[in-house]
Trainee: 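Just passing along the structure, written as structure tokens.
Starting from 1, each residue takes its place in the sequence as its number. Values below: all heavy atoms of this structure, side chains included; hydrogens, waters and symmetry mates excluded.
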Amino acid sequence: CETQYTLSHLAGTQLSANLAELSPNDVPRCYGASQTIVQLANHTAFETFLTQKLMFKLQVVPLTVQLTNISGNLWSRTLRGKRAER
């Protein structure tokens, strides 16, 4: 059972990938030079890639379909962020 749900922890436990944590306080410092801006962009792209891999590994989309069907709602409304009609 997972107790931490940070991206770096889940990537390590579920995907065996190492993700360096980047503090929000460090982001403004990345705009000091073009090289650090590129590093920030690469870090963000890698986080996006890991998020997508986690989504596929955990089968998030089929899970949302099942949960929506169990609750008696329409999946199209769930994807649009609509609330259940009462």
Trainee: Measure the spacing between NE2 of His9 and OG1 of Thr3 and express it to the nearest 0.5 Å.
Mentor: 5.5 Å
Trainee: Taking all non-hydrogen atoms of both residues, which atom of Thr64 and which atom of Val61 are closest, and how far apart?
Mentor: OG1-O, 2.6 Å
Trainee: Assess whether side chain to side chain contact (heavy atoms under 4.5 Å, CB included) is satisfied between Leu40 and Leu22, documenting all intermediate values.
Mentor: CA-CA 9 Å; Leu40 178 63; Leu22 184 65; 3.4 Å; yes
Trainee: Do Ile37 and Tyr31 have side-chain heavy atoms sitting under 4.5 Å apart?
Mentor: yes
Trainee: Leu7, Phe49: one ILVMFWY side-chain cluster at the under-4.5 Å cut-off?
Mentor: yes
Trainee: Does any donor atom in the side chain of Gln39 or His43 lie under 3.5 Å from an acceptor atom in the other side chain?
Mentor: no
Trainee: Hey, any chance Leu63 and Val65 share a hydrophobic cluster, counting ILVMFWY side chains that come within less than 4.5 Å of each other, even indirectly?
Mentor: no
Trainee: Transitively linked via ILVMFWY side-chain contacts under 4.5 Å: Leu54 with Phe46?
Mentor: yes
Trainee: Taking atom CG of Asn42 as the centre, does the number of heavy atoms from other residues, nucleotides or ligands within less than 6.0 Å exceed 12?
Mentor: yes
Trainee: Which atom pair, heavy atoms only, marks the closest approach of Pro28 to Asn25?
Mentor: CD-O, 3.5 Å
Trainee: If I compare all heavy atoms of Gln4 with all of Leu10, which pair ends up nearest, and what's the gap?
Mentor: O-CD2, 4.1 Å
Trainee: Take Glu47 and Leu19, measure what side chain to side chain contact (heavy atoms under 4.5 Å, CB included) needs, and give me the verdict at the end.
Mentor: CA-CA 8 Å; Glu47 283 183 340; Leu19 176 66; 4.0 Å; yes
Trainee: Indicate the atoms forming the closest heavy-atom contact of Leu50 with Leu15, along with that distance.
Mentor: O-CD1, 3.8 Å
Trainee: Taking all atoms of both residues into account, what is the closest heavy-atom pair of Arg29 and Thr36, and its distance?
Mentor: O-OG1, 4.3 Å
Trainee: Looking only at heavy atoms, what is the nearest atom pair of Gln59 and Pro62, with distance?
Mentor: O-CD, 3.4 Å
